[in-house]
Amino acid sequence: MTTPTPLLPETRPALAAWRSGLTLSHKTQHDALNVHRLHGLVLAGIPALPGADRPAHVLFAAARTPQRRSRAASPDAGLPQRLLVQSPERPHWQPLLDSGQLTDAATSLAQQSYTDGDRIAVRIIANPTYRDLATRQRTALADAADCAAWLHRRLTDGGMQLVRHHVTVGAPVLITGRKGPHRITVVSRELHAHGTVRDAHRLHKLLAEGLGPAKPYGCGLLLARPLS
């Protein structure tokens with residue numbers, strides 16, 4: 001059994017996480033159109049901490065083939081070809097390589113530390129939603145301006161001050177799957193923004209734990225880079 005490798009004390013206000021670039025085999029790409037199976041594939045390579053049922057704060061994003069036509073308002077997501085996976089514990093992908101589910105896997109330790117006043121650019125595949133007060137269910141935001149406002153609120157809460165004219169919202173893409181008898185439907189969008197760090201501790205927490213709902217389905221991995 002692989003022993004999880006702790007990275008840093010929880011009190012340190014910086015991001016330190018393992019990031020893995022994975023290439024899925026052709027068969028796995030088709031199986032992983034069911035996003036529940038894709039999530040299971042990701043978790044299969046990451047050890048859980050002692051006493052935990054599953055690893056915490058595992059985030060991933062998929063690079064996919066072109067979108068597929070659909071009768072729904074949003075086109076269906078294409079095949080997931082490559083994954084970027086972030087985890088606090090060091091992953092172990094060799095069994096998935098040996099079984100042929102993956103054709104390549106490269107892992108490295110990513111460390112980022114920002115200070116208040118830093119200018120950064122961020123991007124994310126997210127699931128912008130609102131909760132219907134009557135049904136208590138989440139509903140995808142349909143308007144791009146509403147999605148931009150959603151990102152603005154979430155990043156403001158996460159320690160960033162956004163530059164409003166540097167927020168871009170991609171077209172909606174429908175991610176689907178099944179978990180037993182239950183159908184999974186997630187409307188994702190790729191979002192980009194520029195801004196200034198106002199609370200580095202909160203931003204590092206957001207980078208480590210992700211932003212928004214649908215994290216098990218390939219949403220929420222926030223990637224940041226400094227701006228000159």
Side-chain angles (χ1 to χ4, degrees), residues 4-21 39 42-43 45-62 83-91 107-131 138 141 146-164 166-170 186 188-227:
T5 306
L7 293 175
L8 293 173
E10 293 183 354
T11 54
R12 178 173 173 179
L15 171 71
W18 297 98
R19 285 189 180 158
S20 302
H39 182 224
V42 169
L43 293 185
I46 301 173
L49 290 171
D53 293 334
R54 61 175 58 191
H57 305 313
V58 176
L59 304 167
F60 71 94
L83 301 180
L84 176 62
V85 181
Q86 177 176 295
S87 60
E89 287 77 46
R90 184 167 192 161
T107 298
S108 61
L109 180 61
Q111 294 181 292
Q112 290 179 295
S113 184
Y114 295 105
T115 58
D116 294 358
D118 285 350
R119 295 178 60 247
I120 64 173
V122 296
R123 61 187 176 96
I124 185 173
I125 296 175
N127 173 226
T129 60
Y130 70 94
R131 189 177 293 279
R138 288 193 176 276
L141 294 169
D146 290 338
C147 293
W150 176 90
L151 182 67
H152 185 276
R153 290 192 301 272
R154 293 298 184 108
L155 289 179
T156 298
D157 291 342
M160 273 188 71
Q161 179 181 340
L162 293 192
V163 180
R164 286 192 177 273
H166 277 153
V167 178
T168 59
V169 179
V186 174
S188 68
R189 289 182 184 257
E190 186 168 344
L191 309 172
H192 296 250
H194 289 185
T196 303
V197 179
R198 294 306 183 201
D199 187 324
H201 182 77
R202 282 194 290 165
L203 176 63
H204 293 140
K205 181 178 173 63
L206 196 65
L207 291 170
E209 298 181 4
L211 182 152
K215 295 181 184 72
Y217 307 129
C219 297
L221 175 57
L222 184 68
L223 301 174
R225 62 176 176 85
L227 292 171

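Numbers for residues simply follow the sequence, beginning at 1. Just so we're clear, the structure is a prediction, and the values are computed from it rather than from any experiment.
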Q: Describe, in one word, how the ring planes of F60 and H39 are oriented to each other, choosing from parallel (under 30°), tilted (30 to 60°) and perpendicular (over 60°).
A: parallel
Q | Gap separating the CG atom of L203 from the CG atom of D157, nearest 0.5 angstrom | A | 12.5 Å
Q | Over all atoms of both residues, closest heavy-atom pair of P47 and G45 | A | CD-O, 4.0 Å
Q. So, for A224 and I120, which heavy atoms are closest and what is the spacing to 0.1 Å?
A. CB-CD1, 4.3 Å
Q. Do the non-hydrogen side-chain atoms of L211 and L155 ever get within less than 4.5 Å of each other?
A. yes
Q) Going from OH on Y114 to CZ on R225, what distance comes out if it is rounded to the nearest 0.5 angstrom? A) 9.5 Å
(Q) Under the side chain to side chain contact (heavy atoms under 4.5 Å, CB included) test against M160, which residue among V122, L151, D118 passes? (A) V122
Q: Kindly indicate, with the supporting measurements, whether the criterion side chain to side chain contact (heavy atoms under 4.5 Å, CB included) is fulfilled by R19 and L223.
A: CA-CA 11 Å; R19 285 189 180 158; L223 301 174; 3.7 Å; yes
**Q.** 4.5 Å side-chain heavy-atom contact, L227 and H194
**A.** yes
Q. What do you reckon, is CZ of R123 surrounded by more than 12 foreign heavy atoms closer than 6.0 Å?
A. no
**Q.** CA sep, side-chain torsions, deciding dist, call: D146, Y130, side chain to side chain contact (heavy atoms under 4.5 Å, CB included)
**A.** CA-CA 10 Å; D146 290 338; Y130 70 94; over 6 Å; no
Q: Determine whether V85 and P91 make a side-chain contact, defined as any pair of heavy atoms from C-beta on separated by less than 4.5 Å.
A: no
Q) Between L15 and Q86, is any pair of side-chain heavy atoms under 4.5 Å apart? A) yes
Q: Evaluate whether atom CZ of R131 has more than 12 neighbouring non-hydrogen atoms of other residues, nucleotides or ligands under 6.0 angstrom away.
A: yes
Q: Might you point out which heavy atoms bring S87 and V58 nearest each other, and give the distance in Å?
A: CB-CG2, 4.3 Å
Q) Where is the tightest heavy-atom contact between E89 and I46, given as atom of each residue plus distance? A) O-CG2, 4.4 Å
**Q.** Taking every non-hydrogen atom, the tightest pair across L59 and L207
**A.** CD1-O, 4.3 Å
Q: Give, for atom CD of E209 and atom CG of L221, the distance between the pair rounded to the nearest 0.5 Å.
A: 13.0 Å
Q | Interatomic distance, R90 atom CZ to L109 atom CG [nearest 0.5 angstrom] | A | 8.5 Å
Q) To the nearest 0.5 Å, what is the distance between CD1 (I124) and CG (L222)? A) 5.0 Å
Q: Kindly say whether A126 contributes a backbone atom to a donor-acceptor pair with the side chain of R189 at under 3.5 angstrom?
A: no
Q) When you measure from the side chain of H204 to the backbone N and O of A200, does any donor-acceptor pair fall under 3.5 Å? A) yes
Q. Which atoms form the tightest heavy-atom contact between W150 and G212, and what is the distance?
A. CZ2-CA, 4.0 Å
(Q) Would you compute the distance between atom OG1 of T156 and atom CZ of R154 and round it to the nearest 0.5 angstrom? (A) 11.5 Å
